[in-house]
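Take a look at the structure set out below.
The figures here come from the full heavy-atom set of this structure, side chains too, leaving out hydrogens, waters and symmetry mates. Both ligands and their constituent atoms are indexed starting at 1 by order of listing. Because the structure is a prediction, the values reported are computed rather than measured. Nothing fancy with the numbering, it's 1 onward along the sequence.
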Amino acid sequence: MKSIGILGSTGSIGVQTLQVIDTFPGDYKIKYLTANQNVTQLAEQALKYNPDTVCIVQEELKDELESILKNTNISISCGRKALLELAGRNDVELVMNGLVGAAGMEPTVEAVKSGVDVALSNKESMVMAGGIINDLLKTNSCNLFPVDSEHSAIWQCLKGENNCEIKRLILTGSGGPFRTKPKENFSSITLEQALQHPNWDMGNKITIDSATMMNKGLEVIEAYWLFGVTSNQIDIIVHPESIIHSMVEFVDGSVKAQLGVPDMKIPIQYAITYPHHSPAQWESLDLEKMGTLHFEKPDLDKFPCIRLAYEALEKGGSSPIVLNVANDNVVAAFIKGLIPFTQIPTLIEDTINQHDWINDPNLDDISELSGWTSQFIQEQITTYA
Ligand code: MN
């Protein structure tokens with residue numbers, strides 16, 4: 001039985017991870033579950049999976065969780081510090097990091113420091129601290145298993161291959177809900193429209209990132225750290241059907257692609273069952289029914305977030321950190337109705353331009369830069385409002 005800890009068990013990735021685990025009765029032991037604020041769902045999961053520990057990050061919700069779980073032996077913790085302690089537990093074989101945004105980075109670091117393998121859905125970890133995490137993976141001899149569908153695809157295409165024979169990585173993206181919308185209509189985009197993703201069912205933050213295409217930009221940076229290529233070896237192609245999840249072109253012109261129905265349970269399951277492909281119960285890909293697959297160049301004029309991400313990656317140092325934290329903050333502001341959709345890239349670019357760039361940030365620098373970035377964005381939003 002393989003022991004697993006799940007960070008963010010009530011979020012989209014956490015819930016789907018448990019759905020995958022349900023299809024392998026007796027194969028996995030859930031050691032811990034964590035949630036930010038969804039007490040009811042966390043308690044339901046705890047009663048069903050009987051983990052050693054559950055953690056609710058919002059401390060004021062601990063009493064409620066305790067009262068629901070009072071007749072169990074499950075230990076209950078709360079707060080950010082407890083979350084980091086759980087992430088660093090070395091009595092689990094795999095941590096599923098399904099946390100959203102910059103808050104997911106430190107837990108990845110804690111798990112890797114303890115020598116535990118991480119199934120990584122939180123791309124922000126690599127965007128903010130890819131170099132640090134790669135060094136820790138070497139020192140502590142453990143692995144990262146990508147859960148992001150594009151990176152899972154590339155990882156699968158590279159199985160048995162030599163990374164030095166890669167010519168380029170081709171990340172596919174659906175193009176989001178505004179792929180065909182004229183740029184002049186972007187100023188009237190509503191939250192409801194931005195939350196309608198054509199293919200993937202995901203949490204709110206990543207759905208907005210898909211609408212701005214910052215998601216693809218963050219994935220370029222994630223791929224850079226995961227696969228050790230240069231930024232000009234990573235291309236993006238828009239593929240509206242989301243059937244090809246990404247491709248690798250090798251130096252001899254041979255191209256490998258990974259295909260499947262757009263269902264996150266496939267990359268989640270592969271990260272959990274790696275190095276095996278295990279039987280699954282979801283629908284098969286029906287290419288005859290699909291008929292035609294389409295491809296087009298991403299429109300960098302309509303989606304400046306892609307350009308910002310490439311620029312941040314090329315500049316390096318603190319730039320990707322500020323890009324990421326600024327994005328977290330402006331997306332949250334857009335979801336709250338504080339800024340229009342078109343202000344998302346503008347505010348991120350201003351923030352990157354205004355920050356004091358440093359070359360080789362350590363974890364303390366990252367924390368300081370994150371604080372500065374959040375505060376700068378809050379001030380900008382107050383000025384606009
Ligand atoms: Mn993805």
State whether a side-chain donor-acceptor pair under 3.5 Å links Gln375 with Glu379. yes

Residue Glu150 atom name (nearest to the Mn ion (ligand 1); N/O/S): OE1

Specify which N/O/S atom of Glu219 comes nearest to the Mn ion (ligand 1), by atom name. OE2

Neighbour count above 12 (heavy atom, 6.0 Å) for Asn353 CG: yes

Closest to the Mn ion (ligand 1), among the N/O/S atoms of Asp148, is atom OD1

Verify whether the ring centers belonging to Phe145 and Tyr270 lie closer than 6.0 Å. no

Under a 3.5 Å threshold, yes or no: a donor from one side chain and an acceptor from the other, between Gln380 and Asp350? no

